[in-house]
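Okay, so here's the structure we're looking at.
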Amino acid sequence: HVVTLLDDSEAALVARINLIRAARQSIDVQTYIWDEDDTGQLVLNELIAAARRGVDVRIVADQLFSFEDPAVLEKLARVSPYLHIRLYNPTFHNAHTPPLEFAAGLVCCWVKFNQRMHNKLLLVDDTIGITGGRNYQDRYFNWDNDFDYIDRDVMVGGPAAQAMAASFNLFWNHKRSVP
């Protein structure tokens, strides 16, 4: 095993970009939040470029706080046959949860509604991955003008990457992960 601490937010983002650019076969991404801000768009653009060069890209994101604009998801569905996105546990089977539906989910269906996916993972070619606390949002990479989280990740290579792949596949194939 090879493990490197990614304590600095800039280094953590650069590591992700470099791994995505170095990918030859596959990229798996799992996250709780994927915002449509600068960080989210930068990483998404890199993943789209990877898919367009023939790398199989799979993203599974918790529906509640990811890709909130259904038009973005519709556009992404047509970007490349190598780009696949699944939303985990979509509220009322929708890609977006307006405030009223959010409240209804809390009231009527708390147990199902609250089954969120908080995992954060980026795995490249099933050999090296990053996991930790950072979501794809400016405030996790010190890019927000008002508030930033202090977080960290680890970059892992070797046999542990296979365990990361197995974990990702459990969520990718779960009945709550909807294309």
Side-chain angles (χ1 to χ4, degrees), residues 1-69 72-73 75-77 79-80 82-88 116-145 147-172 177:
H1 303 282
V2 177
V3 178
T4 300
L5 181 64
L6 298 173
D7 204 21
D8 178 71
S9 58
E10 185 176 334
L13 185 57
V14 169
R16 284 169 170 80
I17 300 301
N18 285 333
L19 285 176
I20 293 168
R21 289 179 179 176
R24 296 292 168 249
Q25 298 168 355
S26 65
I27 302 170
D28 293 332
V29 182
Q30 187 175 8
T31 193
Y32 178 60
I33 299 170
W34 199 305
D35 210 340
E36 295 168 35
D37 57 10
D38 292 335
T39 300
Q41 195 59 55
L42 172 65
V43 174
L44 192 56
N45 288 345
E46 292 291 337
L47 291 169
I48 289 168
R52 287 182 173 158
R53 67 174 190 270
V55 176
D56 190 33
V57 176
R58 299 185 300 171
I59 300 169
V60 61
D62 191 275
Q63 175 271 334
L64 206 52
F65 298 108
S66 299
F67 302 110
E68 293 188 7
D69 184 355
V72 170
L73 286 171
K75 181 179 174 185
L76 290 172
V79 163
S80 167
Y82 294 99
L83 179 67
H84 312 279
I85 298 176
R86 292 188 179 182
L87 296 178
Y88 188 80
R116 310 307 335 157
M117 182 208 50
H118 286 268
N119 301 28
K120 289 97 176 175
L121 168 76
L122 171 81
L123 182 64
V124 172
D125 296 334
D126 288 341
T127 59
I128 188 165
I130 296 175
T131 188
R134 289 187 174 96
N135 290 289
Y136 293 96
Q137 185 180 54
D138 285 351
R139 58 182 47 186
Y140 287 91
F141 294 94
N142 203 27
W143 279 13
D144 192 280
N145 292 329
F147 178 81
D148 289 307
Y149 294 117
I150 297 173
D151 223 320
R152 64 179 47 102
D153 302 300
V154 292
M155 186 164 48
V156 179
Q162 296 303 311
M164 293 169 88
S167 175
F168 177 87
N169 285 323
L170 284 173
F171 281 90
W172 182 258
S177 291

Once you round to the nearest 0.5 Å, how far does [atom1] of [X] lie from [atom2] of [Y]?
{"X": "Thr131", "Y": "Leu121", "atom1": "OG1", "atom2": "CG", "answer": "5.5 Å"}
{"X": "Leu87", "Y": "Ser177", "atom1": "CG", "atom2": "OG", "answer": "9.0 Å"}
{"X": "Asn142", "Y": "Phe147", "atom1": "CG", "atom2": "CZ", "answer": "11.0 Å"}
{"X": "Asp62", "Y": "Met117", "atom1": "CG", "atom2": "CE", "answer": "5.5 Å"}
{"X": "Leu19", "Y": "Ile128", "atom1": "CG", "atom2": "CD1", "answer": "5.0 Å"}
{"X": "Leu13", "Y": "Ile130", "atom1": "CG", "atom2": "CD1", "answer": "9.5 Å"}

Heavy-atom side-chain proximity of [X] to [Y] below 4.5 angstrom:
{"X": "Leu64", "Y": "Arg116", "answer": "yes"}
{"X": "Tyr82", "Y": "Val57", "answer": "no"}
{"X": "Arg24", "Y": "Arg53", "answer": "yes"}
{"X": "Leu122", "Y": "Ile27", "answer": "yes"}
{"X": "Leu76", "Y": "Leu44", "answer": "yes"}
{"X": "Gln137", "Y": "Thr39", "answer": "no"}
{"X": "Arg58", "Y": "Phe168", "answer": "yes"}
{"X": "Glu46", "Y": "Arg21", "answer": "yes"}

Worksheet item: So Val60 and Val29, side-chain contact (heavy atoms from CB on, under 4.5 Å) or not? Walk me through it.
Response: CA-CA 6 Å; Val60 61; Val29 182; over 6 Å; no
Checking side-chain polar atoms at under 3.5 Å, does [X] have a donor or acceptor matched by the opposite partner on [Y]?
{"X": "Asn145", "Y": "Arg139", "result": "no"}
{"X": "Ser26", "Y": "Asp56", "result": "no"}
{"X": "Gln41", "Y": "Asp37", "result": "no"}

Response to the item:
In Tyr32, Tyr136, Tyr88, the residue satisfying ring pair (Phe, Tyr, Trp, His ring centres under 6.0 Å) with Phe65 is Tyr32
Worksheet entry | Criterion side-chain contact (heavy atoms from CB on, under 4.5 Å) on Met164 and Val156, from CA distance to verdict | CA-CA 9 Å; Met164 293 169 88; Val156 179; 4.2 Å; yes
Testing the basics here: between [X] and [Y], what is the closest heavy-atom pair and its distance to 0.1 Å?
{"X": "Ala23", "Y": "Val55", "answer": "O-CG2, 3.6 Å"}
{"X": "Arg52", "Y": "Ser80", "answer": "N-OG, 4.2 Å"}
{"X": "Ala165", "Y": "Asp126", "answer": "CB-OD1, 3.6 Å"}
{"X": "Asp153", "Y": "Arg134", "answer": "OD2-NH1, 2.7 Å"}
{"X": "Phe171", "Y": "Asn119", "answer": "CE1-ND2, 3.3 Å"}
{"X": "Ser66", "Y": "Trp34", "answer": "OG-N, 3.0 Å"}

Worksheet item: Does atom CD of Glu10 have more than 12 heavy-atom neighbours, drawn from other residues, nucleotides or ligands, at distances under 6.0 Å?
Response: no
Worksheet item: So does Asp7 pair up with Arg152, basic N to acidic O under 4.0 Å?
Response: yes
Practice prompt. Hey, can you tell me if Tyr140 and Tyr149 have their rings parallel, tilted or perpendicular (30° and 60° cut-offs)?
Written response: tilted
Discussion item. Quick check against the 3.5 Å criterion: does Asp35 have a side-chain atom that pairs as donor or acceptor with the backbone of Gly40?
Written reply: no
Fill in: Candidate pair Leu6 and Val154, rule side-chain contact (heavy atoms from CB on, under 4.5 Å), full reasoning
CA-CA 5 Å; Leu6 298 173; Val154 292; over 6 Å; no
